[in-house]
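Only one structure is covered here, and it is reproduced in the block below.
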Amino acid sequence: MTDTWPDIAPAPATPHCGPPAPVPGHGWWVTRHADVRAALTDPNLRVPPVESGPPGTLAWLRASVSRFSAPHQHAQRRATVVGALADLDPDALRREAAQRTVAVLDRAGDRLDVMRELARPVPLRVLAERLGLADPAAAGTAVAVVAAAYHPGVDPAVTRRADAAVETVLALVPPGPPEVRANLVGLLVQACDATASLIGAAAHHLLPPFDGRHGGDAPGAAGTTALLAEVLRLDPPVRVTRRVTTTGVRLGGQDLPAGSPVLLRFDAANRDPLVFTEPAAFRPGRPGAGLLTFGAGERGCPGDRHALALAAGVLDVLRARCRRTRPDLRHEPHPTLRVPTDLEVSVR
């Protein structure tokens with residue numbers, strides 16, 4: 001068959017690649033691939049600090065996980081996450097995600113919302129069970145509530161709901177030191193919306209439209225993992241990540257003063273024409289693509305292979321059994337993530 005690849009336009013407000021530039025109200029935007037990579041690995045650009053709170057609250061969780069840790073705390077906390085993931089075989093995660101997806105589709109009827117029924121619940125339940133949580137289904141539900149408030153600046157009512165959800169998840173985590181348990185919860189939270197976003201985006205871009213019948217394969221004959229890599233590049237779940245300069249920094253030919261907020265734009269850097277040949281084209285299997293969506297350096301995502309495996313397990317089944325019912329896709333309002341609100345598919 002002839003491969004028919006999707007045309008994935010940049011998300012609204014995706015900037016063009018250029019030198020680092022100050023943007024009023026936002027700080028410095030960094031858009032070029034080389035500059036984003038340099039910033040991710042520069043010790044003078046740090047993750048903005050977060051305030052802690054009483055044990056068992058969302059603020060306490062943020063302040064206890066490796067994601068928001070200060071440099072002197074980061075290595076030890078990250079080691080907890082890396083150690084937990086070391087026991088998880090990505091191939092086994094993929095198989096289990098596929099099995100759970102099949103089970104959901106078998107009882108779904110002829111229509112299903114991918115975001116509600118699959119994109120969040122399946123990866124979270126698989127991961128929670130493998131991490132030893134007492135009730136994976138309940139844990140997944142609570143983690144989704146925490147994830148909605150995880151990044152600072154959300155509505156206080158959302159934060160209060162998240163506080164209660166943190167307590168729920170902690171009660172299901174295996175016994176251990178508080179910081180270790182917090183980082184296991186943080187691992188689940190980090191996997192929640194980002195993995196769900198990837199599954200939703202991939203299903204939207206890769207599943208053919210429903211025309212009243214089912215038949216044939218989804219567009220393109222490439223493997224699911226190669227397809228997911230290009231979706232990650234062109235429609236990244238995490239569009240931007242934040243840093244702050246701790247001293248004056250020279251980056252991309254520009255001088256950034258100490259204390260400057262910096263936004264690293266993965267969405268722009270992943271389309272940098274100096275790095276990607278035909279950057280707007282969907283080309284599975286690009287050699288040496290240098291994808292930045294999972295970060296880089298000592299704070300790069302430790303669970304990238306596991307997230308891809310979980311997403312691939314779901315998408316393997318969707319490609320075989322589902323078609324899109326609508327051409328449009330809406331997204332939740334979020335300053336850094338691109339999370340679809342819903343995605344209906346037909347099921348066979």
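In this structure, the side chain of Thr195 does not engage the main chain of Cys192 through any donor-acceptor pair within 3.5 Å. For Asp113 (side chain) and Leu343 (main-chain N/O), a donor-acceptor pair under 3.5 Å exists by modelled atom type. Under the 3.5 Å distance criterion, the side-chain polar atoms of Thr245 are matched with a main-chain donor or acceptor of Ser260. Remark: the backbone N or O of Leu291 is not paired with any side-chain donor or acceptor of Asn270 at under 3.5 angstrom. Of the possible polar contacts, none joining the Thr336 side chain to the Thr241 backbone as a donor-acceptor pair under 3.5 Å is found. Listed for the Arg348 side chain is no donor-acceptor partner under 3.5 Å among the backbone atoms of Arg323. Side-chain N or O atoms of His334 include none that pairs as donor or acceptor with a backbone N or O of Val339 at under 3.5 Å. In terms of modelled atom types and a separation under 3.5 Å, the side chain of Asp272 and the main chain of His33 share a donor-acceptor contact. Between the side chain of Arg62 and the backbone N or O of Tyr150, at least one donor-acceptor pair lies under 3.5 Å. No donor-acceptor pair under 3.5 Å is formed between the side chain of His204 and the backbone N or O of Leu329.
Following chains of ILVMFWY side-chain contacts shorter than 4.5 Å, one can reach Leu112 starting from Leu198, so the two form part of one hydrophobic cluster. Cluster annotation: Val23 is not connected to Leu251 through the hydrophobic network of ILVMFWY side chains, with a link wherever side-chain heavy atoms come within less than 4.5 Å. No single ILVMFWY cluster, assembled from side-chain heavy atoms under 4.5 Å apart, contains both Leu292 and Leu263. Hydrophobic clustering of Ile, Leu, Val, Met, Phe, Trp and Tyr side chains at less than 4.5 Å, counting indirect connections, unites Val47 with Leu58. Linking Ile, Leu, Val, Met, Phe, Trp and Tyr whenever their side-chain heavy atoms come within less than 4.5 Å puts Phe68 and Val143 in one cluster.
The two atoms that bring Ala281 and Leu234 nearest to each other are O-CD1, 4.1 Å, heavy atoms only. The two atoms that bring Arg243 and Leu45 nearest to each other are CD-O, 3.7 Å, heavy atoms only. Closest of all the heavy-atom pairs between Ala191 and Leu127 is CB-CD2, 3.8 Å. Between Val347 and Cys322, the closest heavy-atom pair is CG2-SG, 4.1 Å. Taking all atoms of both residues into account, the shortest heavy-atom contact from Val166 to Gly56 is CG1-O, 3.2 Å. Pro340 and Arg338 get closest at one heavy-atom pair: CD-O, 3.6 Å.
You'll find the side chain of Leu184 stays beyond 4.5 Å of the side chain of Leu133, heavy atoms only. Looking only at side-chain heavy atoms (C-beta outward), Trp28 and Pro257 come within less than 4.5 Å of each other. For the pair Ser66/Asn183, a side-chain contact is recorded, criterion being any heavy-atom separation below 4.5 Å from C-beta on. Contact of the Asp267 side chain with the Val240 side chain is not registered, since no non-hydrogen atoms from C-beta on lie closer than 4.5 Å. You'll find the side chain of Arg324 stays beyond 4.5 Å of the side chain of Pro208, heavy atoms only. Between Trp5 and Glu230, the closest side-chain pair of non-hydrogen atoms is not below 4.5 Å. Residues Ile199 and Pro123 form a side-chain contact, since some pair of their non-hydrogen atoms from C-beta on lies under 4.5 Å apart. Side-chain contact between Thr31 and His16: absent, with no pair of heavy atoms (C-beta onward) separated by less than 4.5 Å.
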Could you tabulate the donor-acceptor pairs under 3.5 Å formed by side-chain atoms of residues 170-182, not counting sequence neighbours?
unit_1, atom_1, unit_2, atom_2, d
Glu179, OE1, Arg77, NE, 3.2
Glu179, OE1, Arg77, NH2, 3.1
Glu179, OE2, Arg77, NE, 3.4
Arg181, NE, Pro174, O, 3.3
Arg181, NH2, Leu170, O, 2.3

- [ ] Assess whether side-chain contact (heavy atoms from CB on, under 4.5 Å) is satisfied between Leu88 and Leu131, documenting all intermediate values.
- [x] CA-CA 8 Å; Leu88 307 185; Leu131 292 174; 4.2 Å; yes
- [ ] Starting from the C-alpha separation in whole Å, work towards a yes-or-no answer on salt bridge (Lys or Arg N to Asp or Glu O under 4.0 Å) for Arg78 and Glu298.
- [x] CA-CA 9 Å; Arg78 180 183 174 91; Glu298 65 180 17; over 6 Å; no
- [ ] Could you go through the side-chain contact (heavy atoms from CB on, under 4.5 Å) check for Phe282 and Val231 one step at a time?
- [x] CA-CA 8 Å; Phe282 192 95; Val231 173; 4.0 Å; yes
- [ ] Using the side-chain contact (heavy atoms from CB on, under 4.5 Å) rule, take Val244 and Val262 through it: C-alpha gap first, then chi angles, then the decisive distance, then the call.
- [x] CA-CA 6 Å; Val244 61; Val262 180; over 6 Å; no
Task: Derivation and outcome, side-chain contact (heavy atoms from CB on, under 4.5 Å), residues Leu318 and Leu206 - done: CA-CA 10 Å; Leu318 290 177; Leu206 299 173; over 6 Å; no
Task: Intermediate values then yes/no, salt bridge (Lys or Arg N to Asp or Glu O under 4.0 Å), Glu96 and Arg100 - done: CA-CA 6 Å; Glu96 188 169 346; Arg100 288 182 177 270; 3.5 Å; yes
TODO: Go through the steps for Asp342 and Arg116 under the test salt bridge (Lys or Arg N to Asp or Glu O under 4.0 Å), then give the verdict.
DONE: CA-CA 7 Å; Asp342 61 293; Arg116 184 179 68 245; over 6 Å; no
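When only modelled atom types and interatomic distance are considered, Arg319 and Thr224 share a side-chain donor-acceptor pair under 3.5 Å. Side-chain contact of Arg321 with Thr101: a donor-acceptor pair under 3.5 Å is absent, judged by distance alone.
Screening Val314, Val126, Thr225 for a side chain to side chain contact (heavy atoms under 4.5 Å, CB included) with Arg94, the sole residue that qualifies is Thr225.
Taken from CG in Leu228 to CG in Leu315, the straight-line distance is 5.5 Å, to the nearest 0.5 Å. Note that CG of Leu232 is 5.5 Å distant from CG of Leu308, once rounded to the nearest 0.5 Å. One distance of note links OG1 of Thr14 with CZ of Arg265; it measures 6.0 Å at 0.5 Å rounding. Going from atom CG of Asp135 over to atom CZ of Arg125 covers 9.0 Å, rounded to the nearest 0.5 Å. Atom OG of residue Ser197 and atom CD of residue Glu332 lie 7.5 Å apart, to the nearest 0.5 angstrom. With values rounded to the nearest 0.5 angstrom, Thr325 atom OG1 is found 3.5 Å from Glu344 atom CD.
Scanning for side chain to side chain donor-acceptor pair (under 3.5 Å) contacts around Asp35 gives Arg32, with sequence neighbours left out. For His331, the ring pair (Phe, Tyr, Trp, His ring centres under 6.0 Å) test picks out no residue, with sequence neighbours left out.
Taking a 6.0 Å sphere around CD of Gln76, one finds it holds 12 or fewer heavy atoms contributed by other residues, nucleotides or ligands.
A cation-pi geometry, defined here as NZ or CZ lying under 6.0 Å from the six-membered ring centre and within 45° of its normal, does not hold between Arg286 and Phe276.
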